[in-house]
Amino acid sequence: MEVDLGAIRRNAERLAERAGVPLIAMLKGDAYGLGAIAVAHMLANENSVWGFGVATVEEGAVLRDNGIDSRLLCCTPVTPDELPQMQKRGITPSLSRAEDIEQWRALGTDAWHLAIDTGLNRAGARWDELLSLREIVARNPPEGAFTHFLATAVDDASRTLQESRFSKALADCDMKRAAPNVILHVDNSLGIATRAPSPYHLARPGMSLFGWPERGVVTLDPVLGVFARVIDIRTVQAGESVSYGGIWTAPDVRRLATISIGHADGYRRSFSNNAKVVINGTRCAVVGIVTMDMTMVDVSAAECGIGDVATLIGGRGNQRLELSEVAAFGDISPYELLVGFKLRLPHVYSDSSGP
Ligand SMILES: *Cc1c(COP(=O)(O)O)cnc(C)c1O
């Protein structure tokens with residue numbers, strides 16, 4: 001897997017420019033499988049980046065251990081026993097339960113953000129229950145407050161409803177009085193893509209830092225390529241099956257290449273019989289079940305020798321394989337595809353903006 005850190009930096013700049021506000025760059029899931037340490041070092045000194053978003057104390061601690069001293073916001077709830085560790089490592093928690101807010105204050109005066117659930121029904125204080133936090137918020141004003149969209153499509157009307165609930169929730173806990181300078185952040189990648197400038201103070205993109213979704217309104221640079229070598233070649237006769245379970249049978253004589261990637265690398269089993277790869281400029285079909293370490297492709301129409309490179313994602317020209325297209329081959333989301341590459345696949349970093 002090749003990761004272009006310069007492209008991530010340019011994407012961050014463009015997203016911040018479009019949103020008109022600085023970013024919390026979401027680096028959870030090891031930066032969506034691309035490697036949080038490398039990405040954080042690339043973005044740490046960017047003016048457009050306010051801080052980084054993580055999902056667990058451990059993710060934050062790894063960044064601290066590797067010299068990242070930027071603001072870290074844990075956007076996921078933690079259990080009370082994790083709060084002392086968060087305080088020690090300088091990780092800002094997202095809180096929504098009165099007893100947790102009290103406990104955090106008992107540890108010191110460090111910042112915390114109020115998580116408000118406006119309809120995702122996943123985490124945070126329910127938007128219609130903020131009156132019950134009014135008093136504690138007045139005594140322990142948060143640094144920030146946020147909610148998270150449920151929409152996965154551009155024209156989803158849910159956003160308007162969620163935003164009106166967010167406003168009501170802030171009014172119900174009298175945020176204007178408790179924390180007049182509270183930092184509000186709501187927009188994720190899709191939010192930034194579909195509306196600009198942001199009406200809030202920060203935006204929280206994850207996926208779009210890494211080049212998806214592209215909506216035409218911001219040009220995002222492609223960030224990653226996934227490649228594997230051809231490590232074996234054979235000819236099979238009509239009627240012979242290929243790989244486990246024999247779910248693919250050669251309709252006639254075919255030349256097959258075995259490439260050095262499998263589901264232990266994050267190249268999904270659901271790509272079996274469905275995905276395409278590019279070898280020497282020709283699109284070739286994955287045939288049979290993707291195994292743990294090897295995948296077979298039909299190279300009957302391609303020039304192909306041992307050691308040749310198969311492109312699984314990325315590449316150049318009209319033979320490019322877009323992340324979203326590849327995810328669709330396996331009927332999975334681009335998010336799930338990316339985070340899976342955190343398994344065995346070696347990551348090679350470059351910087352296309354370098355000297
Ligand atoms: C993951 C996440 C984001 C980023 O979402 P993208 O769709 O990747 O931009 C933003 N906010 C929260 C709370 C998240 O968990």
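For the numbers below, each heavy atom of this structure counts, side chains included, while hydrogens, waters and symmetry mates do not. When a ligand or atom number is given, it counts from 1 through the structure's own listing order.
Of all atoms in ligand 1, numbered sequentially from 1 with element shown, those under 4.0 Å from a heavy atom of Pro205 are 9 (O). Below 4.0 Å from some heavy atom of Arg122 lie the following atoms of ligand 1, by number and element: 15 (O). Near Met26, the atoms of ligand 1 lying under 4.0 angstrom from a non-hydrogen atom of the residue are 2 (C), 3 (C), 4 (C), 10 (C), 12 (C), 14 (C).
Between the side chains of Asn280 and Glu303, no donor-acceptor pair is found at a separation under 3.5 Å. When only modelled atom types and interatomic distance are considered, Arg204 and Ser189 share no side-chain donor-acceptor pair under 3.5 Å.
In the candidate list Lys28, His185, Met207, Arg204, Lys28 is nearest to atom 14 (C) of ligand 1, counting heavy atoms. Distances from atom 5 (O) of ligand 1 to the heavy atoms of Phe146, Phe149, Tyr32 show the closest one on Tyr32.
Between the Arg18 side chain and the Pro197 main chain, no donor and acceptor come within less than 3.5 Å of each other. Panel note: side chain Glu2, backbone Val348; no donor-acceptor pair is recorded below 3.5 Å. Although no hydrogens or angles enter the test, the distance criterion places a donor-acceptor pair under 3.5 Å between the side chain of Glu59 and the main chain of Ala55.
When hydrogens are left out, the protein atom nearest atom 7 (O) of ligand 1 is Tyr335 OH, 2.6 Å; that is the closest non-hydrogen contact. Nearest protein heavy-atom contact of atom 12 (C) of ligand 1 is His148 CE1, 3.3 Å.
Here's the thing with Gly206: one of its N/O atoms is less than 3.5 angstrom from an N/O atom of ligand 1.
In this structure, Ser208 does not count as a contact residue of ligand 1, since none of its heavy atoms falls inside 4.0 Å of the ligand.
Aromatic rings from His185 and Tyr200 are positioned such that their centres are separated by 6.0 Å or more.
With a 4.0 Å heavy-atom cut-off, ligand 1 is reached by the backbone of Ser189 and by its side chain too.
Heavy-atom contacts from other residues, nucleotides or ligands closer than 6.0 Å to CG of Asn47 number 12 or fewer.
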